[in-house]
Amino acid sequence: MISEQQREKMIAKQLVNRGIKDEKVLESFRQVPRQEFVQDEDNDYAYADGPLPIGHGQTISQPYIVALMTEALEIKKTDRVMEIGTGSGYQTAILANLAGQVYSVEKVSALAKAADKKLKNLGYENVQVKVGDGTKGWKKNAPYDAIMVTAASPQVPPSLLEQLSPQGRMVIPVGDRYFQKLMLLVKTLDGEMKTINLGDCRFVPLLGEEGWDS
Ligand code: SAH
(Lines give C-alpha, C1' and ligand atoms only; values in the text may rest on other atoms or scores of the structure.)
Protein backbone atom coordinates (compact mmCIF):
# COMPACT_ATOMS: atom_id res chain seq x y z
CA MET A 1 0.00 0.00 0.00
CA ILE A 2 2.72 2.41 1.01
CA SER A 3 4.81 1.45 -1.99
CA GLU A 4 1.86 2.03 -4.33
CA GLN A 5 1.50 5.58 -3.03
CA GLN A 6 5.24 6.13 -3.30
CA ARG A 7 5.15 4.86 -6.86
CA GLU A 8 2.34 7.22 -7.84
CA LYS A 9 4.24 10.11 -6.29
CA MET A 10 7.41 9.12 -8.16
CA ILE A 11 5.49 8.97 -11.46
CA ALA A 12 3.92 12.40 -10.93
CA LYS A 13 6.96 14.24 -9.56
CA GLN A 14 9.91 12.62 -11.30
CA LEU A 15 8.39 11.54 -14.63
CA VAL A 16 5.29 13.58 -15.60
CA ASN A 17 6.70 16.84 -14.19
CA ARG A 18 9.86 16.38 -16.26
CA GLY A 19 7.97 15.78 -19.48
CA ILE A 20 7.35 12.04 -19.77
CA LYS A 21 4.01 11.91 -21.58
CA ASP A 22 3.51 8.45 -23.07
CA GLU A 23 0.60 6.98 -21.09
CA LYS A 24 1.69 3.42 -21.86
CA VAL A 25 5.14 4.11 -20.42
CA LEU A 26 3.63 5.67 -17.28
CA GLU A 27 1.30 2.69 -16.90
CA SER A 28 4.27 0.32 -17.11
CA PHE A 29 5.91 2.20 -14.22
CA ARG A 30 2.69 1.77 -12.23
CA GLN A 31 2.93 -1.98 -12.68
CA VAL A 32 6.53 -2.59 -11.62
CA PRO A 33 7.37 -2.75 -7.88
CA ARG A 34 10.78 -1.01 -7.87
CA GLN A 35 11.34 -2.05 -4.23
CA GLU A 36 11.78 -5.63 -5.46
CA PHE A 37 14.77 -4.60 -7.57
CA VAL A 38 16.83 -2.68 -4.98
CA GLN A 39 18.95 -4.15 -2.19
CA ASP A 40 17.04 -4.94 1.02
CA GLU A 41 18.77 -2.18 2.97
CA ASP A 42 17.65 0.39 0.36
CA ASN A 43 13.97 -0.52 0.54
CA ASP A 44 13.06 2.87 2.00
CA TYR A 45 14.74 4.61 -0.95
CA ALA A 46 13.26 2.46 -3.69
CA TYR A 47 11.24 5.40 -5.08
CA ALA A 48 13.91 8.06 -4.54
CA ASP A 49 15.00 10.31 -7.41
CA GLY A 50 18.34 8.69 -8.23
CA PRO A 51 20.35 5.55 -9.00
CA LEU A 52 21.09 3.03 -6.21
CA PRO A 53 23.83 0.41 -5.80
CA ILE A 54 22.92 -3.19 -6.73
CA GLY A 55 26.29 -4.80 -5.89
CA HIS A 56 29.24 -5.75 -8.14
CA GLY A 57 29.98 -2.02 -8.55
CA GLN A 58 26.80 -1.57 -10.61
CA THR A 59 23.65 0.54 -10.15
CA ILE A 60 19.93 0.50 -10.85
CA SER A 61 19.31 3.59 -12.99
CA GLN A 62 17.37 6.67 -11.88
CA PRO A 63 13.64 6.23 -12.66
CA TYR A 64 13.57 9.32 -14.89
CA ILE A 65 16.41 8.00 -17.06
CA VAL A 66 14.65 4.63 -17.38
CA ALA A 67 11.48 6.48 -18.47
CA LEU A 68 13.29 8.80 -20.90
CA MET A 69 15.05 5.89 -22.63
CA THR A 70 11.89 3.79 -22.74
CA GLU A 71 9.73 6.60 -24.15
CA ALA A 72 12.32 7.35 -26.84
CA LEU A 73 12.10 3.79 -28.18
CA GLU A 74 8.32 4.03 -28.90
CA ILE A 75 7.85 0.33 -28.19
CA LYS A 76 4.88 -1.54 -29.63
CA LYS A 77 3.31 -4.75 -28.34
CA THR A 78 4.69 -6.66 -31.33
CA ASP A 79 8.28 -5.44 -30.92
CA ARG A 80 11.29 -7.60 -30.21
CA VAL A 81 13.54 -5.65 -27.91
CA MET A 82 17.14 -6.28 -26.88
CA GLU A 83 18.52 -4.75 -23.69
CA ILE A 84 22.25 -4.65 -22.94
CA GLY A 85 23.02 -4.46 -19.19
CA THR A 86 20.23 -6.27 -17.34
CA GLY A 87 21.57 -5.15 -13.95
CA SER A 88 18.71 -5.32 -11.43
CA GLY A 89 16.16 -6.25 -14.09
CA TYR A 90 13.99 -3.21 -13.34
CA GLN A 91 14.35 -1.70 -16.79
CA THR A 92 13.79 -5.17 -18.25
CA ALA A 93 10.41 -5.37 -16.50
CA ILE A 94 9.42 -1.88 -17.69
CA LEU A 95 10.24 -2.96 -21.27
CA ALA A 96 8.52 -6.34 -20.94
CA ASN A 97 5.18 -4.67 -20.15
CA LEU A 98 5.36 -2.79 -23.45
CA ALA A 99 7.04 -5.21 -25.85
CA GLY A 100 6.34 -8.59 -27.40
CA GLN A 101 9.67 -10.14 -26.36
CA VAL A 102 12.63 -8.81 -24.42
CA TYR A 103 16.11 -10.30 -24.76
CA SER A 104 18.50 -9.00 -22.14
CA VAL A 105 22.27 -9.54 -21.94
CA GLU A 106 24.26 -9.04 -18.71
CA LYS A 107 27.99 -9.45 -18.21
CA VAL A 108 27.95 -10.22 -14.47
CA SER A 109 26.55 -13.70 -14.02
CA ALA A 110 25.31 -13.17 -10.44
CA LEU A 111 23.28 -10.11 -11.52
CA ALA A 112 21.84 -11.94 -14.53
CA LYS A 113 20.75 -14.86 -12.34
CA ALA A 114 19.18 -12.66 -9.66
CA ALA A 115 17.34 -10.55 -12.25
CA ASP A 116 16.08 -13.60 -14.13
CA LYS A 117 14.72 -15.11 -10.90
CA LYS A 118 12.97 -11.88 -9.88
CA LEU A 119 11.38 -11.44 -13.30
CA LYS A 120 10.13 -15.04 -13.29
CA ASN A 121 8.72 -14.63 -9.76
CA LEU A 122 6.86 -11.53 -10.89
CA GLY A 123 5.30 -13.55 -13.71
CA TYR A 124 7.15 -12.18 -16.75
CA GLU A 125 7.08 -14.84 -19.45
CA ASN A 126 8.28 -12.74 -22.39
CA VAL A 127 11.82 -12.15 -21.08
CA GLN A 128 15.03 -14.06 -21.71
CA VAL A 129 18.24 -13.18 -19.88
CA LYS A 130 21.67 -14.30 -21.04
CA VAL A 131 25.14 -13.94 -19.49
CA GLY A 132 27.64 -12.58 -21.98
CA ASP A 133 29.34 -9.61 -23.62
CA GLY A 134 26.43 -7.47 -24.77
CA THR A 135 28.62 -5.35 -27.04
CA LYS A 136 28.31 -8.29 -29.44
CA GLY A 137 24.52 -8.32 -29.05
CA TRP A 138 22.53 -11.56 -29.18
CA LYS A 139 22.71 -12.65 -32.79
CA LYS A 140 20.43 -15.67 -32.50
CA ASN A 141 17.28 -13.58 -31.99
CA ALA A 142 18.18 -10.66 -34.29
CA PRO A 143 16.94 -8.45 -35.85
CA TYR A 144 15.47 -6.27 -33.11
CA ASP A 145 12.91 -3.50 -33.48
CA ALA A 146 14.47 -1.68 -30.56
CA ILE A 147 17.77 -1.89 -28.68
CA MET A 148 18.47 -0.29 -25.31
CA VAL A 149 21.99 -0.07 -23.93
CA THR A 150 22.12 0.80 -20.23
CA ALA A 151 25.89 1.19 -19.86
CA ALA A 152 28.18 3.85 -21.31
CA SER A 153 30.08 3.13 -24.50
CA PRO A 154 32.93 4.95 -26.29
CA GLN A 155 31.13 4.23 -29.59
CA VAL A 156 28.01 2.58 -30.97
CA PRO A 157 29.04 -1.10 -31.14
CA PRO A 158 28.89 -2.16 -34.83
CA SER A 159 27.41 -5.56 -33.87
CA LEU A 160 24.41 -3.83 -32.29
CA LEU A 161 23.83 -1.69 -35.40
CA GLU A 162 23.92 -4.84 -37.50
CA GLN A 163 21.28 -6.50 -35.32
CA LEU A 164 18.87 -3.54 -35.55
CA SER A 165 16.00 -4.09 -37.99
CA PRO A 166 15.19 -1.65 -40.82
CA GLN A 167 13.34 1.27 -39.15
CA GLY A 168 14.68 0.04 -35.78
CA ARG A 169 15.47 2.38 -32.88
CA MET A 170 18.38 2.30 -30.44
CA VAL A 171 19.16 4.32 -27.29
CA ILE A 172 22.72 4.31 -26.01
CA PRO A 173 24.89 6.55 -23.82
CA VAL A 174 28.00 7.47 -25.83
CA GLY A 175 30.99 9.39 -24.49
CA ASP A 176 33.93 8.97 -22.16
CA ARG A 177 33.99 6.89 -18.98
CA TYR A 178 32.44 9.64 -16.83
CA PHE A 179 30.15 11.75 -19.01
CA GLN A 180 28.04 10.77 -21.94
CA LYS A 181 25.34 11.95 -24.27
CA LEU A 182 22.23 9.84 -24.46
CA MET A 183 21.82 9.13 -28.17
CA LEU A 184 18.71 7.97 -30.00
CA LEU A 185 19.50 6.32 -33.33
CA VAL A 186 16.74 5.66 -35.83
CA LYS A 187 17.24 3.57 -38.97
CA THR A 188 15.22 5.01 -41.83
CA LEU A 189 13.64 3.08 -44.73
CA ASP A 190 16.41 4.07 -47.15
CA GLY A 191 19.01 2.59 -44.83
CA GLU A 192 20.19 5.93 -43.45
CA MET A 193 20.72 6.56 -39.74
CA LYS A 194 19.18 9.55 -37.95
CA THR A 195 20.79 10.57 -34.64
CA ILE A 196 19.06 12.57 -31.92
CA ASN A 197 20.79 13.80 -28.75
CA LEU A 198 18.52 13.30 -25.72
CA GLY A 199 20.83 15.07 -23.29
CA ASP A 200 23.70 14.51 -20.87
CA CYS A 201 23.90 11.44 -18.68
CA ARG A 202 26.24 9.36 -16.57
CA PHE A 203 26.29 5.57 -16.74
CA VAL A 204 28.63 2.82 -15.55
CA PRO A 205 30.96 1.68 -18.37
CA LEU A 206 30.02 -0.90 -21.00
CA LEU A 207 32.94 -3.32 -20.71
CA GLY A 208 33.55 -5.61 -23.65
CA GLU A 209 34.98 -6.27 -27.07
CA GLU A 210 33.17 -3.35 -28.76
CA GLY A 211 32.98 -1.17 -25.63
CA TRP A 212 35.60 -0.25 -23.02
CA ASP A 213 38.52 -2.53 -22.11
CA SER A 214 37.97 -4.19 -18.73
N1 SAH B 1 19.22 -1.29 -16.51
C2 SAH B 1 19.97 -1.62 -15.33
C3 SAH B 1 21.27 -0.84 -15.35
C4 SAH B 1 22.36 -1.59 -14.71
S5 SAH B 1 23.92 -0.75 -14.77
C6 SAH B 1 19.17 -1.29 -14.10
O7 SAH B 1 18.52 -0.23 -14.07
O8 SAH B 1 19.24 -2.04 -13.13
C9 SAH B 1 24.60 -1.39 -16.25
C10 SAH B 1 24.80 -2.88 -16.32
O11 SAH B 1 25.51 -3.18 -17.51
C12 SAH B 1 25.60 -3.51 -15.19
O13 SAH B 1 24.84 -4.51 -14.58
C14 SAH B 1 26.84 -4.08 -15.88
O15 SAH B 1 27.31 -5.28 -15.29
C16 SAH B 1 26.33 -4.31 -17.28
N17 SAH B 1 27.34 -4.39 -18.33
C18 SAH B 1 28.49 -3.70 -18.47
N19 SAH B 1 29.14 -4.07 -19.60
C20 SAH B 1 28.36 -5.03 -20.19
C21 SAH B 1 28.47 -5.81 -21.39
N22 SAH B 1 29.51 -5.70 -22.23
N23 SAH B 1 27.48 -6.68 -21.66
C24 SAH B 1 26.41 -6.84 -20.84
N25 SAH B 1 26.26 -6.12 -19.70
C26 SAH B 1 27.21 -5.23 -19.39
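- Annotation for N17: atom CG counts as buried by contact number, over 12 foreign heavy atoms lying within 6.0 Å.
- A cation-pi contact, defined as under 6.0 Å to the ring centre and within 45° of the axis, is absent between R34 and Y47.
- Of the possible donor and acceptor atoms, one in the side chain of Q155 sits under 3.5 Å from a partner among the backbone N and O of E210.
- In terms of the side chain to side chain contact (heavy atoms under 4.5 Å, CB included) criterion, residue partners of E192 (sequence neighbours excluded) are, by chain and number, T188, D190.
- Q180 has its side chain within reach of F203: a pair of non-hydrogen atoms, C-beta onward, lies under 4.5 Å apart.
- In plain terms, the two heavy atoms of G211 and T135 that are nearest each other are N-CG2, 3.6 Å.
- I196 CD1 to L182 CG: the interatomic distance, rounded to the nearest 0.5 Å, is 11.5 Å.
- Side-chain contact, D79 with Y144: no donor N or O sits under 3.5 Å from an acceptor N or O.
- When atom types are taken as modelled, the side chain of S28 and the backbone of I94 share a donor-acceptor pair closer than 3.5 angstrom.
- In this structure, OG1 on T150 lies 9.0 Å from CD on Q58, to the nearest 0.5 angstrom.
- Annotation for L184 and R169: closest pair CD1-CB, 4.4 Å, computed over non-hydrogen atoms.
- Remark: side-chain polar atoms of K181 are not paired, donor with acceptor, to backbone N or O of L198 under 3.5 angstrom.
- Judged by distance alone, with hydrogens and angles left aside, the side-chain atoms of E106 form a donor-acceptor pair with the main-chain N or O of V108 at under 3.5 Å.
- Atom CD of Q31 is surrounded by more than 12 heavy atoms from other residues, nucleotides or ligands within 6.0 Å.
- Atom OG1 in T86 sits 8.5 Å away from atom CG in L111 (nearest 0.5 Å).
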